[in-house]
Amino acid sequence: MDGILALAAANLVSPIILSFVLGLAAALARSDLSFPEAIAKGLSLYLLFAIGFKGGAGVAAHGVDARLVAALLAGVVLSLLLPFIAFVLLRSLSKVSAIDAAAVAGHYGSISIVTFVAASSLLTGLGIAAESYMVAVAAAMEAPAILSALWLATKRGGKAEQVGGELWREILLNGSIVLLLGAFAIGWVTGEKGLAEIGSFIVEPFKGVLCLFLLDMGLVAGRGLRGSRGVLSPGAVAFGLLMPLVGAVLGLAGGLALGLSLGGVVLLMVLAASASYIAVPAAMRVALPEANPALSLTLALGVTFPFNLTFGIPLYMMLAAAVTGS
Amino acid sequence: MDGILALAAANLVSPIILSFVLGLAAALARSDLSFPEAIAKGLSLYLLFAIGFKGGAGVAAHGVDARLVAALLAGVVLSLLLPFIAFVLLRSLSKVSAIDAAAVAGHYGSISIVTFVAASSLLTGLGIAAESYMVAVAAAMEAPAILSALWLATKRGGKAEQVGGELWREILLNGSIVLLLGAFAIGWVTGEKGLAEIGSFIVEPFKGVLCLFLLDMGLVAGRGLRGSRGVLSPGAVAFGLLMPLVGAVLGLAGGLALGLSLGGVVLLMVLAASASYIAVPAAMRVALPEANPALSLTLALGVTFPFNLTFGIPLYMMLAAAVTGS
Amino acid sequence: MDGILALAAANLVSPIILSFVLGLAAALARSDLSFPEAIAKGLSLYLLFAIGFKGGAGVAAHGVDARLVAALLAGVVLSLLLPFIAFVLLRSLSKVSAIDAAAVAGHYGSISIVTFVAASSLLTGLGIAAESYMVAVAAAMEAPAILSALWLATKRGGKAEQVGGELWREILLNGSIVLLLGAFAIGWVTGEKGLAEIGSFIVEPFKGVLCLFLLDMGLVAGRGLRGSRGVLSPGAVAFGLLMPLVGAVLGLAGGLALGLSLGGVVLLMVLAASASYIAVPAAMRVALPEANPALSLTLALGVTFPFNLTFGIPLYMMLAAAVTGS
Amino acid sequence: MKMHNAKRVEIIIEAVMERQLTNALNGAGVTGYTVLPVSGGSGRSGQWSREGQVGRAGGMVAVICLIRPERLDDLLEAAFAVVERHIGVVSVSDTQVLRAERF
Amino acid sequence: MKMHNAKRVEIIIEAVMERQLTNALNGAGVTGYTVLPVSGGSGRSGQWSREGQVGRAGGMVAVICLIRPERLDDLLEAAFAVVERHIGVVSVSDTQVLRAERF
Amino acid sequence: MKMHNAKRVEIIIEAVMERQLTNALNGAGVTGYTVLPVSGGSGRSGQWSREGQVGRAGGMVAVICLIRPERLDDLLEAAFAVVERHIGVVSVSDTQVLRAERF
Ligand SMILES: Nc1ncnc2c1ncn2[C@@H]1O[C@H](COP(=O)(O)O)[C@@H](O)[C@H]1O
Ligand SMILES: Nc1ncnc2c1ncn2[C@@H]1O[C@H](COP(=O)(O)O)[C@@H](O)[C@H]1O
Ligand SMILES: Nc1ncnc2c1ncn2[C@@H]1O[C@H](COP(=O)(O)O)[C@@H](O)[C@H]1O
Ligand code: NA
Ligand code: NA
Ligand code: NA
């Protein structure tokens, strides 16, 4: 417990967090430091491939736990459920339109894979094991929230693009989901042997690449915050800080119900607490064009992501540790 | 022999192959997963530099075998010769125009460096040594086939851009040839010491980078196949599966005549069996604009490349092993 | 001493130098080998982050030397002073306009981080230690020279953009300065522990990445030389070879005055001797648009950079070794 | 040189809508167009840049379409159906093309 | 479809001047523009390409601005103040736009 | 602002032909042009995209050329000689430029 506290504090001065802070500061100071779009995409392709593959290899190593299916279902349910809570919470805290609230809700039902990765590597640092298949749960949680968001938009906010097969394909075959699950499958099939073959590419340099990616995310988040002054009401900011806690608590409940390990519970909390800023924004632009994209993105990337990265993750750890009594 | 068979089967479930399959499946399912052009180019620059350098360092280590020059010549001859066979074979199997047949023939006389790399790493996995200078042979085989293709186009298909000095420069100083040979030279000059300096960049992560590159190639191949429905007649597909075998047999003959090691023979077979999808397509667009680029590319990338990667390479190995009685 | 001589010769056949030579030769031969802009930028982001972080981690390890502040000041003074010498020297050697001379002078007062990196890794290869904070000195030397150049342009060459706050921000918050200092700070804060976490990304592969970057620089330099025939008078070329020596001597004096270690003295010489081709050219285009960019860039990248890389650095080492009697 | 009158339609639209737009164009029998990348811009919904962006949201593309004057209306109707509810701009200029047989 | 007359201004300017230009445009009340990347070109100051370049110097961008005819002069004055001492070209063409309310 | 009549020539051509085209333009005394990257498109030879492509084949570039009206024919002849046997499109629009001395 104290150990966790200490190491959680240490987390704040890890290269990963500080890289994000550097990017954020540089952007807010209007430095011209920037990553080419292609490099940012390349880094995220690497991260998705590596995290997926390692998860699959882990499953191959430790055998597939009966809970895998249950965990996947729980993830889907959480992703479907959270938007409704987010919608109500946001509407009660600020007076954004129903359409905007629905779009934001979709982001918070889905997940942020980088937050997940940061939490995983912190757990590894603490020597806390977690179910390897949690990465599959992460993939499973990306899309369902979009459904709920569109349902909310139609019921509460008037018309939204009705979800045709084309849109469905786009949502379910979203690049990050496909890569994450595909790499997971490859890792599972090739197992330890496969990991041995490409480990020096996807394991050793991983944290360093993550630093560069977070530096870029800091730059993008900072630019977003600068560009969207006035977009965020105090109520909206409050939502961006409260909603992750709500999600974390539900994730905790789910994790305990599933009987996941301490690490697994933490990761499910982190997934529930995090908000999407890649897959969902694109889907919302297609299906909910009337929603203001700046609002969702600034909340997810400028408020909730930094909060989770710095204080959220350690907090969720302590909560989980306290509850599970480990 | 059995060992090879077993490991050849294993090859099918290697991360490298599966990454290609993942990309292919994602593209055929119309997922929006994609690599930025700059990243794809960056990956190929890395692969060319690494494979060239390691080949040169290998030559520096094992000393230059008297057969080097002979092997280079054999490669050039194969590259010049194969297009004529390809031309006749394709024309007999399908009724494509002479111009199109000539263009396709050029692709099959030249080589696919990624197929070469995949074969090399499989050999390494099997502990089968090969002459390091085979990478120089690969470079030597890239361009000559273009000559034959243009000759065929002029003689049999009416006018083709007559090959001016400018075009020659473009063909011979093609980026991939220059990088491959340049890195080969650097590796040769700096030898073991050079390899020690940059080995942790060009050796350890190599296979992992290759996985990402093959994932991208799968995406491109899949998109090509989807886009070119109807372009490929059954006869053309048959050509795409038969021609590599013809090439492999000629490569086998050449390798035996040269007295190469088992590994060297296999690599020469692979080079002869593979078809270019980078250097030659560009040259053909310049010199043979009337030819339909979709036909050549779909055959080389969508049919022959996957065939070699999955079944071809192991098959050539067994053939070579059987013949050399090892 | 002889050891240094020998190893200096060895330097000429290091993969790093040969990669640059390969790029230079390919471009001069008009090969189409080229790096995408995004990849070139990605490589430089990696190098800046890695070199900055390692410098900071080094300071954390060896404790911060009282000379740090003095060295920073010395760097700023050198950067402010060198342009005046460069201006006079260039004007006396060739008859370029005062505006052009001022612009060139700004480049030579500032620094080339890649030259610095090449020198550092050569020192490491020779087992010669240097003050880790020299990377911070490098950052400190990037911008001041711009001030002197603009002062020269205004006083001697008529009007130049008066330096408004906006321009100042752009100069001081230039991406490379921010990344270098930011990574330095992160390395300092996270220290050995941080280095252990991401060392396999920023340490092991470093030299290999540097090779690819120098290959690209060779390509760009070669293209520049080809494109700017006639831009360089013999006098200008002479300047491009003399000025680094002048800078090196001043760097030597400064280093000795500061009482830096042999390695530190060499690095200060290299910084003073090198010319900027990234930060300053951009600033000059904004503030001194009348100056001919081809002249500065061809001198810095096509003449001085190759000179320093091949002969300069070893020369400065021997000089420093001779003077410090080590 | 023999030139033929044509229209140059320039559609600047959200990157996420590119496929929908090209599908609509194909549907309207408009099979010739070129897509240019866009690195940034500004409009009523504020300023944006692609730098460092990973997601496809928050980016635009420029679709250029050279077309015979008589086919313009079909194109505009198809394009409008897509851009209608989305951010983006459509402009049409008179131009002349070589090799009209290609259009 | 209902189209409205407008001007299409195309400003090809040094990449380093992009921010100055957009600031000037915003200053002149021109808040709608799109920036296209440029990969190379040639002019009186010679030929250039972005390939392998790291620095922002030595590159151009193309800024496209659709604007109501009556606002053209403000835009040109603002733009000219920036390009005046810099390399680059400014061209203006007649065009027509859908959804004039957006301009 | 003082504007001068000019022609805006837009040549969309295969990337592999870029050098041949610019050489031809230089040969015809046309030394001012800008090259824009193209990310995808569609035409009689089907749909294509640059995504994930390594080879230079199967990509296009857009070359924009602002020129004095009287020099147009030289330009078109030079350009046509290159595009003639290749895929690609050439369009010419009327435009006006600032700083005619640059053209
Ligand atoms: N007047 C204009 N001229 C050129 N591009 C524009 C104009 N207005 C909007 N755009 C582009 O369309 C995007 C969305 O515009 P808006 O819907 O007004 O925010 C902007 O970011 C620009 O890229
Ligand atoms: N006539 C032109 N047409 C199109 N672009 C041009 C023209 N002249 C110059 N440019 C562009 O502006 C840049 C600088 O032009 P210059 O100042 O003449 O060197 C060139 O590199 C081209 O990208
Ligand atoms: N009508 C058109 N408008 C704009 N671009 C076109 C048009 N037709 C062809 N293109 C471009 O030229 C390329 C080759 O055209 P094609 O030769 O018809 O296949 C296409 O992929 C497009 O990028
Ligand atoms: Na969530
Ligand atoms: Na072959
Ligand atoms: Na200097």
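Letters A, B, ... mirror the listed sequences (proteins, then strands); counts begin at 1.
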Student: For each of F:G52, F:G55, F:A57, tally heavy-atom pairs with chain B at distances under 4.5 Å, and name the one with the top tally.
Tutor: F:G52
Student: Against chain F, label B:P293 side chain, backbone, both or neither, depending on which of its atoms sit under 4.5 Å from a heavy atom there.
Tutor: neither
Student: Is the shortest side-chain heavy-atom distance between B:E37 and F:E51 below 4.5 Å?
Tutor: no
Student: Quick one: pull up CZ in F:R56 and NZ in B:K41 and give me the separation to the nearest 0.5 Å.
Tutor: 8.0 Å
Student: So which atom in B:V220 and which in F:Q53 form the shortest heavy-atom distance, rounded to 0.1 Å?
Tutor: CG1-OE1, 4.0 Å
Student: Does the side chain of F:Q20 come within less than 4.5 Å of B:E170's, by heavy atoms?
Tutor: yes
Student: Closest approach of B:P289 and F:R85, non-hydrogen atoms and distance?
Tutor: CB-O, 3.1 Å
Student: For the residue pair B:F213 and F:V54, establish whether any side-chain heavy-atom pair is separated by less than 4.5 Å.
Tutor: yes
Student: Counting heavy-atom pairs closer than 4.5 Å to chain B, which one of F:E14, F:R19, F:R50 comes out on top?
Tutor: F:R50
Student: Quick check on F:S39 against chain B: is it the side chain, the backbone, both or neither that has a heavy atom closer than 4.5 Å?
Tutor: neither
Student: Of the backbone (N, CA, C, O) and the side chain (C-beta and beyond), which part of F:Q47 lies under 4.5 Å from a heavy atom of chain B, both, or neither?
Tutor: neither
Student: State, yes or no, whether a side-chain contact exists between B:R285 and F:M17 at a heavy-atom distance under 4.5 Å.
Tutor: no
